[in-house]
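For reference, positions follow the sequence shown, starting with 1. Both ligands and their constituent atoms are indexed starting at 1 by order of listing. Quick note: numbers below take in every heavy atom, side chains included, and nothing from hydrogens, waters or symmetry partners.
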Amino acid sequence: GHSLLATRLVSTIRRELSLEIAIKDIFINPTISDLGIHLSSQSAASNTLPVIIAQEKSDRIPLSFSQERLWFIDQLQGSEAYHIFGKLLLKGAVNISILETALKTIIDRHEVLRTVIYSEEGVGYQNVITSDNWKLETNVLKSDQNIDEELSSYAQIPFDLANDYMVRARIYDLGADEYILAIVFHHISSDGWSESVFVREFVELYSAIQEDRGANLPELSLQYTDYALWQRAYLEGEILESQLAYWKDNLTGVTPLALPTDFTRPSIQNTEGYSVDFNLDKRLSDSIAKRCQEEGVTLFMFLLSAFKVLLSKYSGQDDICVGTPIANRTQSEVEGMIGFFVNTLALRTDVSNDLSFKEILNNVKQTTLSGYDNQLVPFEKVVDSVVGTRDMSISPLFQVLFVLQNIPENSEIELDGLTVSDYKHKEVTAQFDLTLTVDEKDSGIALNMGYRTTLFSETTIERMLGHYQELLQNIVENTNQEIGTISMLTQQEEGELFEVFNNTDIGYPKDQSIVDLIVAQSKKTPKAVALVYEGEKLTYKELNDQSNQLARYIQKKGVQTEDLVGICIDRSLEMVIGIVAILKAGGAYVPVDPTYPKERIQYILEDSKVSLVLSNSNSISALEIVEGLSIVQLDKDWESIRKESTRKLKQGPLPEHLAYVIYTSGSTGKPKGVLLTHLNVVRLFFNDGNLFDFNKKDVWTMFHSFCFDFSVWELYGALFYGGRLVIVPDVVTKDSNAYKNLLIEEGVTILNQTPGSFYSLQEEFLSNETDTQIRYVVFGGEALNPSYLERWKHRYPSCKLINMYGITETTVHVTYKEITEKEVLDTKSTIGAAIPTLNIYIVDDSLQLLPIGVIGELCVSGAGLARGYLNREELTQERFISNPFDNDPESRLYKTGDLGRWLPNGDIEFVGRKDSQVKIRGYRIELGEI
Ligand code: AMP
Ligand code: MG
């Protein structure tokens with residue numbers, strides 16, 4: 001009984017260890033039973049090794065490889081991180097003198113605990129001293145002392161490796177017959193397994209002395225020095241080389257695991273950590289055990305495989321390397337010894353989406369078995385030979401540790417008049433980004449996930465464990481599934497994604513075209529100024545009349561419903577008259593910026609096959625490059641145009657008709673025309689869930705080129721609500737001081753900017769203490785860094801800052817996020833959630849919905865989706881797919897190529913692009929295109 005109990009105690013102690021688990025964590029994995037199938041198939045290399053035997057000792061006993069490395073570290077930077085800290089709670093009448101004798105006997109038995117290291121010409125040697133001077137320290141706790149703080153500081157007292165015993169112990173008298181026995185080992189002489197040996201011997205010795213009998217302990221035929229000598233004699237040369245070659249072969253080129261984190265990774269990692277417990281229920285645990293049997297694998301392999309799938313789904317990577325400690329005590333004589341034996345294996349596996357779980361299981365099995373075969377090389381040697389330059393922000397070769405332990409459940413030991421249990425308090429260090437410890441208990445599989453608190457929040461880790469459980473549940477049902485199709489999303493999460501984060505199924509008027517709205521507005525406010533350009537003004541009535549005339553004029557030139565009509569004209573009142581006229585005539589406008597390079601103008605005109613282009617005398621030269629165009633010059637030809645009637649046209653476009661074609665770049669290199677309808681635009685502004693309170697007092701600017709769909713927002717935002725649209729002269733768009741002056745002079749209230757432009761514009765305001773009427777700044781077109789808005793928010797607290805993520809293919813905007821005082825403290829590019837009439841899904845490459853926190857592709861569905869690409873049926877099919885998340889067979893899903901993830905509050909964080917598309921001043925540029 002005692003030894004099992006002791007083992008259990010150690011397990012808890014082990015969790016308190018404040019050191020590098022890579023070499024320390026230990027005790028545990030692959031337990032002999034787990035290794036069962038492998039013991040018979042030891043590698044050729046280890047079979048040919050001679051056994052460890054007691055050696056003649058010279059006075060220069062070398063260090064083992066691991067000791068040597070730790071000794072170097074100690075000299076270089078100290079080694080407090082390599083203290084192994086155990087704490088026992090003792091209740092009852094403790095006999096301090098028996099306690100000390102018991103401990104001292106252990107130190108006497110195990111030379112390694114009374115070994116100091118001396119140095120000769122930079123080489124370390126072991127020197128065994130007597131236990132005579134070892135003392136148990138005693139401490140009576142004062143009432144104002146916090147025991148946990150006391151313990152932590154005791155654990156951190158450095159060892160002097162040249163003089164100190166390698167273990168120290170202190171007993172704290174808490175009063176009322178309660179004591180804590182704190183034991184601090186230096187890892188250079190111990191590991192997790194050693195602790196269990198230590199506790200077992202302690203318990204036996206204490207009771208033996210108390211009962212005045214001889215202790216029932218095995219005789220130690222070997223000491224750690226024998227192991228060190230053996231290692232030096234046999235583990236150099238060929239065996240080491242061949243095992244090292246194995247690791248080099250297997251681990252070269254492994255990329256760091258890029259898990260999505262809650263906080264930015266510090267440039268130098270520290271050991272701050274915490275852990276979360278999570279139990280798999282008995283039924284699932286049993287099904288896993290059954291599967292293991294059927295598949296001929298161990299629990300270790302099965303759970304590691306599923307863990308790798310989880311990590312792959314979280315990181316989007318398919319080459320996953322996970323570390324695992326290995327006790328490294330294959331020879332039975334070594335099992336009862338205290339000393340630094342533990343080693344770490346880095347197990348790397350291909351976890352590609354299209355593999356079945358069975359295949360991954362098989363890969364992991366092979367990797368694990370051959371890893372065991374090559375376990376003799378100390379991990380540090382592997383690192384040295386595989387890793388070139390060390391990155392201080394991550395651990396080398398692997399960032400995540402997986403540990404399987406097999407520990408009996410009892411938690412208390414009864415000695416005569418004394419109860420011994422572990423003193424619990426949660427681990428507050430982490431040596432890896434994640435450490436998943438799996439413990440097989442009678443009640444089911446118990447999980448503990450340790451994590452760096454500098455990277456993750458507790459809820460993220462809890463969620464991750466839930467996903468691990470969900471994955472396991474789906475896996476045990478069918479191991480033949482491709483892992484890409486295995487979901488880790490819980491039902492509750494799925495419900496949340498659909499119902500809470502995407503509650504945007506909202507009505508909107510389906511019977512109104514852009515033209516209907518502009519005409520109605522002109523009736524409401526005929527005399528109000530609709531457009532301003534460099535001092536010239538146009539009222540709503542004038543705009544309405546003149547666009548009626550032009551519409552008739554171009555209808556006579558042949559424009560019919562859904563005909564594409566080019567408009568290549570510089571910034572002017574006529575630009576807007578032209579756009580409205582094309583719409584009224586039933587056509588769709590194809591904006592062509594006259595400042596564009598000739599090739600792009602030619603490409604757009606030819607690809608869209610427009611025959612009629614509206615232009616003016618300033619801009620007509622841009623059209624010379626294409627022959628055979630019919631061109632209307634809105635200045636020169638106005639004498640003829642004005643002869644047309646100003647009356648309303650009999651028939652306008654229908655809401656589902658095309659309104660405009662904007663050319664954008666994208667993943668395919670060549671620009672392509674996106675086909676948008678009246679309805680796409682109308683529902684952006686009018687629906688049953690309006691986000692803004694735009695009105696006729698608002699003053700807008702048309703700052704952006706009409707080739708950029710931000711202009712669609714600016715233009716109709718002004719005209720649909722009876723506001724005033726100030727067309728910004730080209731030179732002013734390039735001069736933030738001039739633009740600021742325009743905003744002030746015109747009393748602009750609604751500002752739309754790409755973040756980049758706004759950052760320089762706001763300097764003009766902030767440096768001059770200028771007042772402003774601006775009540776909204778709407779951001780879009782590229783990623784926003786909210787922290788850059790902090791000063792603006794404080795200076796103009798009533799001005800609302802709205803980040804809107806959007807895409808031409810989904811009509812300007814997709815999401816809405818107000819940046820408040822809270823958000824400006826953050827650098828995360830939050831884009832909020834889908835606006836009414838749209839839905840967002842975040843998916844992996846297999847179109848599986850991803851849960852909160854995991855990065856995937858943003859996909860959009862709803863009434864903003866474009867009809868598709870002009871003349872690009874195949875590309876349209878590829879990007880606008882049938883929506884798998886909607887029962888409506890008509891519903892489509894646009895794959896944006898953007899990456900993001902859900903935050904716990906239902907906002908989306910924008911992360912970047914899947915492809916090499918970049919944004920320059922808001923313009924989409926495909927890198928291959930330049
Ligand atoms: P465009 O079609 O020109 O509007 O460009 C759409 C692309 O711009 C998106 O796919 C994103 O990559 C990027 N984008 C637009 N709005 C935002 C935003 N608010 N935050 C981050 N990226 C954005
Ligand atoms: Mg946009």
Side-chain angles (χ1 to χ4, degrees), residues 591 593 596 600 604 660-668 671-676 680-681 684 691 703-714 751-759 776-789 801-819 823 826-835 838 840-842 855-860 864-866 868-870 875 879-880 893-901 903 907-927 929:
D593 195 319
Y596 272 170
R600 181 145 177 139
I604 294 175
Y660 63 91
V661 178
I662 280 185
Y663 274 78
T664 70
S665 300
S667 48
T668 50
K672 62 244 181 218
V674 187
L675 306 169
L676 286 306
N680 286 147
V681 176
L684 176 63
L691 296 164
F703 176 87
H704 299 97
S705 162
F706 65 169
C707 288
F708 181 31
D709 80 345
F710 222 169
S711 69
V712 168
W713 173 254
E714 296 177 309
L751 181 63
N752 300 283
Q753 290 280 276
T754 57
S757 311
F758 183 77
Y759 300 150
Y776 280 110
V777 184
V778 177
F779 297 96
E782 65 186 8
L784 175 74
N785 182 337
S787 72
Y788 289 1
L789 307 180
L801 304 173
I802 313 292
N803 187 18
M804 298 190 83
Y805 156 84
I807 319 145
T808 309
E809 285 87 336
T810 57
T811 327
V812 193
H813 296 313
V814 173
T815 67
Y816 173 99
K817 173 68 192 173
E818 180 169 0
I819 307 295
E823 280 80 19
D826 205 351
T827 56
K828 255 205 259 49
S829 197
T830 348
I831 57 173
I835 57 175
L838 297 180
I840 289 206
Y841 306 93
I842 302 179
I855 296 168
E857 182 173 5
L858 306 182
C859 292
V860 183
L865 261 61
Y869 297 115
L870 180 63
L875 187 64
R879 304 301 294 270
F880 295 83
L893 192 67
Y894 176 68
K895 298 177 75 186
T896 68
D898 289 313
L899 297 173
R901 60 171 173 174
L903 299 174
D907 282 345
I908 292 167
E909 178 188 347
F910 179 83
V911 174
R913 286 289 304 172
K914 280 183 89 174
D915 55 20
S916 56
Q917 175 178 303
V918 293
K919 282 279 190 130
I920 297 176
R921 275 174 281 106
Y923 286 97
R924 272 156 69 169
I925 313 256
E926 178 66 19
L927 281 179
E929 227 178 291

Any carboxylate oxygen within less than 4.0 angstrom of a Lys/Arg side-chain nitrogen, looking at Asp898 and Arg913? yes

Heavy atom of Phe710 under 4.0 Å from ligand 1? no

From atom 10 (O) of ligand 1, work out which of Ile807, Asp898, Thr810, Leu784 has a heavy atom at the shortest distance. Asp898

Side chain to side chain contact (heavy atoms under 4.5 Å, CB included), that's the test. Do Arg600 and Asp593 meet it? Break it down for me. CA-CA 9 Å; Arg600 181 145 177 139; Asp593 195 319; over 6 Å; no

Classify the contact between Arg913 and ligand 1 as side chain, backbone, both or neither, using a heavy-atom distance cut-off of under 4.0 Å. side chain

Going by heavy atoms, is Asp709 under 4.0 Å from ligand 1? yes

Any N/O of Gly781 closer than 3.5 Å to an N/O of ligand 1? yes

Within the 3.5 Å criterion, strictly below it, is a donor on Tyr759 or Gln753 matched to an acceptor on the partner's side chain? no

Among Ile908, Ile855, Leu858, Asp907, exactly one meets side-chain contact (heavy atoms from CB on, under 4.5 Å) together with Arg901. Which residue is that? Ile855

Polar contact flag for Thr808 and ligand 1 (N/O pairs, less than 3.5 Å): yes

Can you name the one residue among Asn803, Leu801, Asn752 that meets side-chain contact (heavy atoms from CB on, under 4.5 Å) with Val778? Asn752

Within less than 4.0 angstrom of ligand 1, does Ser829 place any heavy atom? no

Side chains of Val712 and Ile662: does their closest heavy-atom pair fall under 4.5 Å? yes

Ile831, any N or O under 3.5 Å of ligand 1 N or O: no

For His813 and Phe710, run side chain to side chain contact (heavy atoms under 4.5 Å, CB included): C-alpha distance rounded to whole Å, both residues' side-chain angles, the deciding distance at 0.1 Å, then the answer. CA-CA 9 Å; His813 296 313; Phe710 222 169; 3.6 Å; yes

Regarding atom 21 (C) of ligand 1: of the candidates Gly832, Ala783, Gly780, which has the closest heavy atom? Ala783

Please work out whether any backbone atom (N, CA, C, O) or any side-chain heavy atom from C-beta onward of Asn803 is under 4.0 Å from ligand 1, and answer side chain, backbone, both or neither. side chain

Is it the side chain (CB and beyond), the backbone, both or neither of Tyr805 that lies under 4.0 Å from ligand 1, heavy atoms counted? both

Checking the N or O distance criterion of under 3.5 Å, is ligand 1 in contact with Glu809? no

Which of the atoms in ligand 1, numbered in the order shown and given with their element, are less than 4.0 Å from a heavy-atom of Phe708? 3 (O)

Do Glu857 and Lys914 meet the salt-bridge criterion of a basic N to acidic O distance under 4.0 Å? yes

Does the pair Lys817 and Tyr805 meet the rule for a side chain to side chain contact (heavy atoms under 4.5 Å, CB included), with working shown? CA-CA 9 Å; Lys817 173 68 192 173; Tyr805 156 84; over 6 Å; no

